[in-house]
Asker: 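Have a look at this one.
Letters A, B, ... mirror the listed sequences (proteins, then strands); counts begin at 1.
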Protein chains: 2
Amino acid sequence: MLKISKKADYALMALQHIAAAQFGDVMPGRVVNTKEIAEEYNIPLELLAKVLQTLSKNALIESHNGPKGGYVLARRADKITIAQILESIEGPLGITDCSHEKDGEFCMQRDNCNIRTPLLKVQDSIAQLLNNMTLQDMMGGTPLITIQSSAAQGVAR
Amino acid sequence: MLKISKKADYALMALQHIAAAQFGDVMPGRVVNTKEIAEEYNIPLELLAKVLQTLSKNALIESHNGPKGGYVLARRADKITIAQILESIEGPLGITDCSHEKDGEFCMQRDNCNIRTPLLKVQDSIAQLLNNMTLQDMMGGTPLITIQSSAAQGVAR
DNA sequence: TGATCTCCGATCAATAAGGTCGGACTAAGG
DNA sequence: CCTTAGTCCGACCTTATTGATCGGAGATCA
């Protein structure tokens, strides 16, 4: 449970790879194409392409068309958060269905719902965690930020 | 994304309700049946029954059969964590597919996977959060368990 | 201009979630 | 002791979401 989709997985791998190629030591500024990434990580080519399209549409990467084309990060790796990546692929993150209710739509349990408030607290904690972690943090070596266990402020004792 | 299933939602609502009935002020020790919960929160009766069966099988609640039967918490509300509830319904929680790989099975990307380690860190953080939050913490508003009043604290133990 | 590569839309298949049915068991009440 | 009402329990079906695929159009460089 609480699994993130395969597409999101692929997005993270691809972005990590693009970032490594772009800012790495060997060939900085390199442009990588879909095929290279798909072969490197055994990802279905067409599916990965679709994922990269979405990332491009959401301005996380830039696409260069034609031969010698490929993808490049749209901005620095430490300016791209994990939350932004996941939301680009899977839409706004929400623990429950009632997390982002528009006016007029609400779940059947809304009236007497007894768990809405505490669950929103949990959701905020997770969102905070993902917003504070960037693509840069996923590049090996750099220590990761850790969430404090008292994350459920107001709910937990 | 990162949504928990409706069944897990129902489980949380039901447990909160059972706990409230059991330790509440009005009728402490009350046994509640499936029908009561289903009507209170507009949950499909048969589906809720299935959820409660699972919880019972995982020793979070106890079932009493026959007329005047129903469900009771298997232990105190502050001894039941949110993680335990969710895992009972949806199995072991894991952000990615490779979170709980047994020997012999592994994802195609395993060899060159560049995001496995950081994702496991994220998963640990979420798991820690859910393990530190109990059913008791979800009883919002009026405190339902008033075992340790401020007066008793000074005298006894 | 030709060849190559990427982008884009529509489409199909697999999996998991959501929901439903009938039977088995238990305990109360006559 | 036997009936009967009420409850739990397991297997089944339906629908929605995700994962994966195909074919073509547009753009760039040699």
Side-chain angles (χ1 to χ4, degrees), chain A residues 1-11 13-14 18 30-39 41-72 86 88-91 93-97 107-109, chain B residues 1-11 13-14 18 30-39 41-72 74 86 88-97 107-109:
Chain A
M1 67 142 291
L2 278 181
K3 257 191 305 195
I4 65 181
S5 69
K6 277 232 161 66
K7 281 196 283 190
D9 259 350
Y10 297 156
M13 290 187 213
I18 293 173
R30 215 173 105 246
V31 176
V32 306
N33 60 12
T34 308
K35 191 180 177 187
E36 174 183 328
I37 302 176
E39 288 178 352
Y41 303 104
N42 289 302
I43 302 174
L45 180 65
E46 310 297 342
L47 181 56
L48 176 62
K50 198 171 164 185
V51 168
L52 292 176
Q53 289 165 27
T54 306
L55 291 177
S56 175
K57 197 179 304 178
N58 286 89
L60 290 178
I61 56 179
E62 288 175 359
S63 67
H64 292 279
N65 219 334
K68 304 280 184 185
Y71 292 97
V72 183
L86 296 182
S88 287
I89 302 297
E90 305 192 358
L93 60 86
I95 287 287
T96 91
D97 289 331
C107 71
M108 279 294 114
Q109 292 80 31
Chain B
M1 66 144 291
L2 279 182
K3 256 191 306 194
I4 64 180
S5 70
K6 276 231 162 66
K7 282 196 281 190
D9 259 351
Y10 297 157
M13 289 188 213
I18 293 173
R30 216 174 105 244
V31 176
V32 305
N33 60 14
T34 308
K35 191 179 176 189
E36 173 183 329
I37 302 175
E39 289 178 350
Y41 303 105
N42 288 304
I43 301 174
L45 179 66
E46 310 297 343
L47 181 56
L48 176 62
K50 197 170 160 185
V51 169
L52 292 176
Q53 287 167 30
T54 306
L55 293 177
S56 173
K57 198 178 302 179
N58 286 90
L60 290 178
I61 55 179
E62 289 175 359
S63 68
H64 291 280
N65 217 333
K68 304 282 184 182
Y71 291 98
V72 182
L86 296 182
S88 286
I89 301 298
E90 305 192 356
L93 59 86
I95 286 288
T96 88
D97 289 333
C107 70
M108 279 294 114
Q109 291 81 33

Asker: Go along nucleotides 19-30 of chain D 5' to 3' and tag each nucleotide: B for a protein heavy atom under 4.0 Å from its base, S when only backbone or sugar atoms are that close, - otherwise.
Answerer: SBB----BSBS-
Asker: Sequence neighbours left out, what passes side-chain contact (heavy atoms from CB on, under 4.5 Å) with K57(A)? Give chain and number order.
Answerer: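 Here no residue qualifies.
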Asker: For N65(A), give me all partners under side-chain contact (heavy atoms from CB on, under 4.5 Å), at least two apart in sequence or on another chain.
Answerer: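 Expected list: none.
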Asker: Check DNA chain C against residues 51-59 of chain B and give the residues with a non-hydrogen atom under 4.0 Å, in numerical order.
Answerer: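 Heavy-atom contacts with DNA chain C come from no residue of residues 51-59 of chain B; none.
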Asker: Want to settle it: does A49(A) or L48(B) sit nearer the 5' end of DNA chain C, counting the closest nucleotide to each?
Answerer: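 The residue mapped nearer the 5' terminus is A49(A).
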Asker: Whole angstroms only, please: what is the CD1-C1' distance between I43(B) and dT20(C)?
Answerer: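 Spelled out: CD1 on I43(B) to C1' on dT20(C) is 16 Å.
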Asker: Once you round to the nearest 0.5 Å, how far does CG of L60(B) lie from CG of L52(B)?
Answerer: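 Reported value, rounded in 0.5 Å steps: 11.0 Å.
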Asker: Partners of K50(B) by salt bridge (Lys or Arg N to Asp or Glu O under 4.0 Å), sequence neighbours excluded?
Answerer: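 So K50(B) forms no salt bridge (Lys or Arg N to Asp or Glu O under 4.0 Å) with any residue.
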Asker: Can you tell me the distance, in whole Å, between the CG atom of L2(A) and the P atom of dA17(C)?
Answerer: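 That distance rounds to 11 Å.
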Asker: How long is the straight-line distance from CG of N33(A) back to CD1 of I18(A), given to the nearest 0.5 Å?
Answerer: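 One finds 10.0 Å between CD1 of I18(A) and CG of N33(A).
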Asker: With rounding to the nearest 0.5 Å, note down the distance linking NZ in K35(B) to CD1 in I37(B).
Answerer: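 These two atoms lie 13.5 Å from each other.
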Asker: Can you tell me how far the CG atom of D9(A) sits from the CG atom of L86(A), to the nearest 0.5 Å?
Answerer: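 So the CG of D9(A) and the CG of L86(A) are separated by 9.0 Å.
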Asker: Listed by chain and number, what are the salt bridge (Lys or Arg N to Asp or Glu O under 4.0 Å) partners of K7(B), not counting sequence neighbours?
Answerer: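 None.
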Asker: Going by the rule side chain to side chain donor-acceptor pair (under 3.5 Å), which residues pair with T34(B) if we only count those two or more places apart in sequence or in a different chain?
Answerer: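 Result, side chain to side chain donor-acceptor pair (under 3.5 Å) vs T34(B): none returned.
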Asker: Between A11(B) and L55(B), what is the shortest heavy-atom contact and its length?
Answerer: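 A11(B) and L55(B) have their closest heavy atoms at CB-CD1, 4.0 Å.
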Asker: Checking P44(B) now: which residues fulfil side-chain contact (heavy atoms from CB on, under 4.5 Å) with it, not counting sequence neighbours?
Answerer: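 Partners of P44(B) by the side-chain contact (heavy atoms from CB on, under 4.5 Å) criterion, ordered by chain and then number, come out as Y10(B), L47(B).
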Asker: Give DNA chain C the dot-bracket treatment, 5' to 3': Watson-Crick (N1-N3 with N6-O4 or O6-N4) or G-U (N1-O2, O6-N3) under 3.5 Å, [ ] crossing, | other strand.
Answerer: ||||||||||||||||||||||||||||||
Asker: Can you list, in residue-number order, the parts of residues 32-39 of chain B that come under 4.0 Å of DNA chain D, counting heavy atoms only?
Answerer: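 Those residues whose heavy atoms fall under 4.0 Å from DNA chain D, taken from residues 32-39 of chain B in numerical order, are N33(B), T34(B).
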Asker: Please identify each residue that fulfils salt bridge (Lys or Arg N to Asp or Glu O under 4.0 Å) with E36(A), with sequence neighbours left out.
Answerer: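 R30(A).
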Asker: Going by the rule side-chain contact (heavy atoms from CB on, under 4.5 Å), which residues pair with P67(A) if we only count those two or more places apart in sequence or in a different chain?
Answerer: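 Not a single residue meets the side-chain contact (heavy atoms from CB on, under 4.5 Å) criterion with P67(A).
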